[in-house]
**Student:** 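Got a structure for you, questions after.
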Amino acid sequence: MASASASSSSVLTERRGIPAASFVEDVQTYLTQSGLDVNSSLSFLQERLHQYKIVEMKLLAQQRDLQAKIPDIEKCLAIVDTLQAKKGTDEALVADFEVSEGIYSRARIENTDSVCLWLGANVMLEYSYGEANALLKKNLENAKASLEVLIADLQFLRDQVTITQVTIARVYNWDVHQRRIRQAQTAKET
């Protein structure tokens, strides 16, 4: 069925596993090359459109997760910087932290040389300020880079959705036009 998405001289490509849709300039040539009739072609295109929508929902969920993760990492980085700035002074840092959703506790943080970071999957590790800062900066850079790639993927996907929708409309309209021509010829013969 991969040949069903090919058209005149367009090269079929993909981006990170998302197949590219080809713009159909000549519907008759497209149907002949694909070996499909109009209904099969419309069915294939509708299925491809549905697949694009599913991928779009997954990418949007990933985008929301990354957009929520970036401010958290930035907040952690700011906290590590604050702790590092307070190091050496005999001044304690008083902080409110979230124990559970909506439940906060106040803590008095004395002079320390390290911080503990949640890594995920119920894993927490202790790092020196320098190591924590480096790790958080690396995670922030990775998250921002992933978000940029994700945004580019979403734009590519939206283009493919638009091309597929236009192709569906062109195939359908071509079919309607062909039926009208056949009806007119039948009417002339009778």
Side-chain angles (χ1 to χ4, degrees), residues 1-25 30 44-87 93 95-102 104 109 112 114-171:
M1 280 252 189
S3 64
S5 62
S7 73
S8 54
S9 64
S10 298
V11 177
L12 186 65
T13 59
E14 66 177 45
R15 177 179 172 88
R16 291 181 11 114
I18 304 169
S22 299
F23 180 74
V24 174
E25 292 181 33
Y30 165 75
F44 170 78
L45 292 169
Q46 290 288 355
E47 183 179 327
R48 175 62 58 93
L49 185 62
H50 180 68
Q51 291 169 348
Y52 284 147
K53 293 294 185 175
I54 290 171
V55 171
E56 183 180 28
M57 288 186 333
K58 290 178 182 177
L59 291 178
L60 286 171
Q62 290 176 5
Q63 182 183 25
R64 277 191 305 276
D65 291 346
L66 278 174
Q67 287 174 331
K69 188 180 200 179
I70 289 173
D72 288 344
I73 295 171
E74 290 171 339
K75 192 184 334 177
C76 288
L77 210 73
I79 291 169
V80 169
D81 289 341
T82 303
L83 287 171
Q84 197 168 12
K86 293 280 186 181
K87 181 182 176 186
L93 178 68
D96 293 330
F97 64 95
E98 191 172 15
V99 176
S100 182
E101 190 172 332
Y104 292 86
I109 304 169
T112 63
S114 62
V115 294
C116 293
L117 298 177
W118 284 107
L119 300 181
N122 293 327
V123 175
M124 178 186 273
L125 287 179
E126 186 173 358
Y127 291 97
S128 69
Y129 290 136
E131 291 171 333
N133 206 327
L135 177 68
L136 289 170
K137 283 183 180 177
K138 180 181 162 226
N139 287 351
L140 183 61
E141 288 173 15
N142 289 343
K144 286 182 177 180
S146 294
L147 185 60
E148 287 178 20
V149 168
L150 201 61
I151 289 170
D153 288 348
L154 278 166
Q155 183 57 48
F156 176 79
L157 187 62
R158 287 184 182 118
D159 290 345
Q160 304 321 300
V161 166
T162 301
I163 291 169
T164 303
Q165 288 172 333
V166 168
T167 301
I168 289 170
R170 290 176 62 86
V171 170

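Counting begins at 1 with the first residue of the sequence.
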**Student:** Please list all pairs passing the salt bridge (charged side-chain N to carboxylate O under 4.0 Å, His left out) test where one or both residues lie in residues 147-162, with sequence neighbours left out.
**Tutor:**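 The answer is Arg15-Asp153, Arg16-Asp153, Glu56-Arg158.
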**Student:** Where is the tightest heavy-atom contact between Ala143 and Ile73, given as atom of each residue plus distance?
**Tutor:**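 Smallest heavy-atom distance, with atoms named: CB-CD1, 4.3 Å.
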**Student:** Are the side chain of Gln155 and the backbone N or O of Ile151 linked by a donor-acceptor pair below 3.5 Å?
**Tutor:**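 A pair under 3.5 Å: no.
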**Student:** Can you tell me which residue pairs pass the salt bridge (charged side-chain N to carboxylate O under 4.0 Å, His left out) test with a partner in residues 65-76, sequence neighbours excluded?
**Tutor:**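 As it turns out, the salt bridge (charged side-chain N to carboxylate O under 4.0 Å, His left out) pairs with a partner in residues 65-76, which skip direct neighbours, are Glu74-Lys144.
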**Student:** How about Gln62 and Ser146: do any of their side-chain heavy atoms sit closer than 4.5 Å?
**Tutor:**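 Side chain of Gln62 against side chain of Ser146, heavy atoms only: no contact under 4.5 Å found.
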**Student:** Among pairs that include at least one residue of residues 119-140, which meet salt bridge (charged side-chain N to carboxylate O under 4.0 Å, His left out), considering only residues two or more places apart or in two chains?
**Tutor:**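 Those involving residues 119-140 do not exist here.
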**Student:** Give, for atom CD1 of Ile70 and atom CG of Leu147, the distance between the pair rounded to the nearest 0.5 Å.
**Tutor:**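 Ile70 atom CD1 to Leu147 atom CG measures 5.0 Å (nearest 0.5 Å).
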**Student:** Please give me the minimum heavy-atom distance between Cys116 and Met124, naming the atom from each residue.
**Tutor:**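 In terms of heavy atoms, the two residues are closest at CB-SD, 3.4 Å.
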**Student:** Of Gln160, Gln165, Glu47, which meets side chain to side chain contact (heavy atoms under 4.5 Å, CB included) against Tyr52?
**Tutor:**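 So the option named by the test is Gln160.
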**Student:** I need the Tyr30 OH to Leu45 CG distance, nearest 0.5 Å.
**Tutor:**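 Answer rounded to 0.5 Å: 4.0 Å.
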**Student:** With heavy-atom distances below 4.5 Å as the criterion, would you say the side chains of Leu119 and Leu135 are in contact?
**Tutor:**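 Touching, per the 4.5 Å side-chain cut-off.
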**Student:** Go through the steps for Arg170 and Thr167 under the test side-chain contact (heavy atoms from CB on, under 4.5 Å), then give the verdict.
**Tutor:** CA-CA 5 Å; Arg170 290 176 62 86; Thr167 301; 5.6 Å; no
**Student:** Not counting sequence neighbours, which residues clear side-chain contact (heavy atoms from CB on, under 4.5 Å) with Met57? List them please.
**Tutor:**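 If we apply the side-chain contact (heavy atoms from CB on, under 4.5 Å) test to Met57, skipping adjacent residues, there are no hits.
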**Student:** For Glu101, give me all partners under side-chain contact (heavy atoms from CB on, under 4.5 Å), at least two apart in sequence or on another chain.
**Tutor:**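 In terms of side-chain contact (heavy atoms from CB on, under 4.5 Å), with neighbours along the sequence ignored, Glu101 is linked to Glu98.
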**Student:** Measuring from Ile109:CD1 to Leu83:CG, what's the distance to the nearest 0.5 Å?
**Tutor:**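 Ile109 CD1 to Leu83 CG: 5.0 Å, rounded to 0.5 Å.
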**Student:** Starting at NZ of Lys53, measure out to OG1 of Thr164 and round the result to the nearest 0.5 Å.
**Tutor:**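 Nearest 0.5 Å value for the NZ-OG1 distance: 10.0 Å.
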**Student:** Taking all heavy atoms of Val80 and all of Tyr129, pick out the closest pair and write down the distance.
**Tutor:**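 It is CG1-O, 3.9 Å.
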**Student:** With sequence neighbours excluded, what pairs up with Val55 under the side-chain contact (heavy atoms from CB on, under 4.5 Å) test?
**Tutor:**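 Expected list: Ile18, Leu59, Leu157.
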